[in-house]
Amino acid sequence: MNGATPAGRRAVSMDLMATMVIVFLAATSPAFDTDDASFFNYLNNVVDARPLYFYTGYVHVIPQVVTYALSPLPLLWQVLLYPVLPVVLAVALYFRLSRLFRRRAAPWEANALALCTIIVLRVVQPVMWANLSNSNWTALLLAAVVILDAGMDDAPYSAWTAAGVVIAGLAFPPGVTIAVLLMIQWARVRRLQPAILAVLIVGGHIIIGSLSPEPGFNTRLLEAPWMFVSSFREYKLIWLITIASVLSLAMAFRWSLRPEHRSEHLAIIGSLCAMGWLSLGLYVASTRFVRYDGGIPPRYAVPVMFCGLVAVAWMALSQPDALERSRRLGIYIGTAIACGVIFFYSNLRGPMEIALMKYRFVSDAAAWRQDCKDDQVLVFEADAASPVMFCRPRLLPEGDNIIRSFTPMIGEVGDGDIDEDLPYVISPRPLFP
Amino acid sequence: VRSVSVDFAAVMIITLVAITAPAFLHDDAVFFNYVNNVDRPHPLYYYAGYVHVIPQAVSWMLQPLPLVMQAVMYRLVPFALALLLYRETARLLAARRPGDEASMIALGIVLVLRTVEDNLWANLSFASWLALLISIAFVIRVRLESGTYSWFAFCGLLIVAVAFPPGLLLVLLFVANGATTASLRIRIQNLALAVITVAAHAWVASGSPIPTLNTGFLDAPWMFVDAFRERKLHNLVVIASLVTLPVMLAWWTRRARSLSQDVVVIASACAIGVGAAAVYVMSSRFLHYYGAFEPRYAVTPAFCAMLAVAWTVLADRAPQRRSMSVGIFTGIAVTVVIAAIFGTLRGPLEFALMKYRFLGVASEARLNCPPDEVFVFEDEAGSPFVFCTPRSLPPGADYRLNGFAPSVGVSAPDDAIDDRPFLLNPRPFP
């Protein structure tokens, strides 16, 4: 789009606004939370830390590599840079999604739909946007959109794009779902490149899975329906969103099978259905489903929900009646606006304030490390996902190391039970010993 | 052309909204207790400083029915009014742009109001508010059509206008309609409504046992600031409405060269919306709630602001932009109502069913009980209860149940003597 034309200027200004909105979404999201602290604790408390290692049953390629690359920096710089990658990935997701939608929409419409999709995802899964450890999910969605978009042009991938797709595909177990998109693309265009990328991703997962210290599959698969029923009340909202997404995809698939649509829309809608349904199926077939007693934490609903949203947006954009099309786009935008307002109204500053407290703790810990006793450890709070700081890095045996044998000093908000729920420092099995 | 499918969807959604709304709460129980426990109850009486014409008259008329039937009928009245509100709002908006778009926005307005005040949709004691909103939409539409009121409409408007203090706001519309028409009949109808309404309110207020005006009016801004956090959402709704309405009016006035239909609608909405907030701030209720806008007092400004926005959206001549705006409005409305209902989908209905069951049990127990016994649903001021036999009590006071032997019903903590429900035996009107 030419930025000199009025429409081009409108699209550029909307891009700028969308980038600011995404930065705002990230700033108000939980940061340096959950596994971010585990990766940080490992790299800064263990001697000879590895870049890639097994953690909770698999290798978290993106966060592990990034935290490793950042580890030579001062402590505070490390944690301040952790959210940069998730934000960059989210902005990239916005631009690629907008590019995909522009195939059927004016630039400003495509920008609006892309931004709205991200807002709804942010509401359902808040920890994806500033937590490095959850950036795998954003990378997965980004790779999926890149494949869908490239598939419509039948153009070959550049080396950078191919590398990015493989990294996103190998980054964590749900990454294997994009191999399906690549195989669909291969089946359509009969070009070798997507097939090679798919084989690389599937092969990589098989190798990593065979080395994993934990089983990857749900051995109680026949019990899955009962587990789902018994967990429904606890995870009601997320299950309902998941079911709605599955049904939306089914509706979109049926729509794409109409004779007048088949040639035009079946590829993209079919790909979205394959990815969405497969991601849910893989979750149910994984040990995670058993670990959560048949529940579904929000992150596992993200791929199917994303596919459902994109499919619904695509159907709205493809509506032949101009007025009906505008109305459907309006409903999509209005729903996203309402979701955003309701969500942010109730919890605007909380996550940012907690992140700032943690940053202050890390800064204090860096100063404390210069003058401390060998058996001391500084703890942010008595919580498993809390950042901790040994007086100096240690050589630890493989396995999780609870810090009970040290003299813990509680940092900012030590309100947990220090005897029961102390954080740990992982010293895991490396991927390449 | 209005689509039947939109209307059908609206009826279904409003039914769901009414079923999931809190029912037989607050003053519903007070009115119920009065007509079922006091000998020869009056149809109209002072309660909380004024006469609640609609709920008092309806509960009095329903009194001959079995107890459970009365309580069920209490929720059918606001449900019927909610459907009527949708219909009247859609008809008003259709005056600007006939078709589905007006109906969709009307439904959106009703749904947003559900999130502003959830008690409106199944509580008889809140029916006056719905009736007021219906009247606002109706009077504005009749003004646009330069029509006269039928006798039925005239009586209905009169009842709503005198039903409770905010009904006085309708005088603004009556006077405006009467003053700007060339038709003598329309002028007489509107001026008659205005005069009767003002006189009726003056008469009621003169006999009220509670002062109705806010005597600390100059402190109102500070009280509002102090109370802001307590009712943040509703205070924000009122502020947004009070900003939107004058901005819309200024925009339309500048755009229109004469007193067009658009300006009439926006000016009417602005007058009623701003007037509703002003009347509340000037009333003793504002002091009673320490300067916060209780949800019901935010309803009228919010309705008027949404009406003005909807009218402006429908006036857009670019069809695609208009359709998208309608879609955005509908998307927002549906999402906020889902968010509001989701957390408490079954709770209010289950609670209401418990109360209906209690009334069923109490009806049977009443056939064979000692005279000093009283069946109480729970030890709370707004709880329904049933005396063994209706009693003749001297007027002018609320009677705590301490002198009786309460048999507690379904879900009562047994130590809340201080918060025991009371039996109203108020000063009758006139």
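FYI, side chains are in, hydrogens and waters are out, and symmetry mates aren't considered; it's all heavy atoms of this structure. Letters A, B, ... are given to chains in the order of the sequence lines, protein chains preceding strands, and every chain is numbered from 1.
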> Checking B:V336 against chain A: side chain, backbone, both or neither under 4.5 Å from a heavy atom?
Replying inline: both
> Considering only heavy atoms, which portion of B:L233 lies under 4.5 Å from any heavy atom of chain A: side chain, backbone, both, or neither?
Replying inline: both
> Mind checking which of residues 301-316 of chain B sit less than 4.5 Å from chain A, heavy atom to heavy atom?
Replying inline: none
>> Using a 4.5 angstrom heavy-atom cutoff, name the option from B:M324, B:R322, B:E101, B:M104 with the most pairs to chain A.
In response: B:M324
>> Listing request: all side-chain hydrogen bond (donor to acceptor under 3.5 Å, both in side chains) pairs with a residue in residues 332-344 of chain A, at least two apart in sequence or in separate chains.
In response: A:T117-A:Y332
> Heavy atoms under 4.5 Å from chain B: which residues of residues 225-238 of chain A carry them?
Replying inline: A:R233, A:K236, A:L237
> Between CD1 of A:I333 and CD1 of B:I328, what distance do you get to the nearest 0.5 Å?
Replying inline: 5.0 Å
> Any chance CZ of B:R321 has more than 12 other-residue heavy atoms, nucleotides or ligands included, within less than 6.0 Å?
Replying inline: no
> Has B:F342 got more than 12 heavy atoms of other residues, nucleotides or ligands less than 6.0 Å from its CZ?
Replying inline: yes
>> If I compare all heavy atoms of A:I342 with all of B:T335, which pair ends up nearest, and what's the gap?
In response: CD1-O, 4.3 Å
> If contact means a heavy atom pair closer than 4.5 Å, which residues of residues 316-324 of chain A contact chain B?
Replying inline: A:A322, A:L323
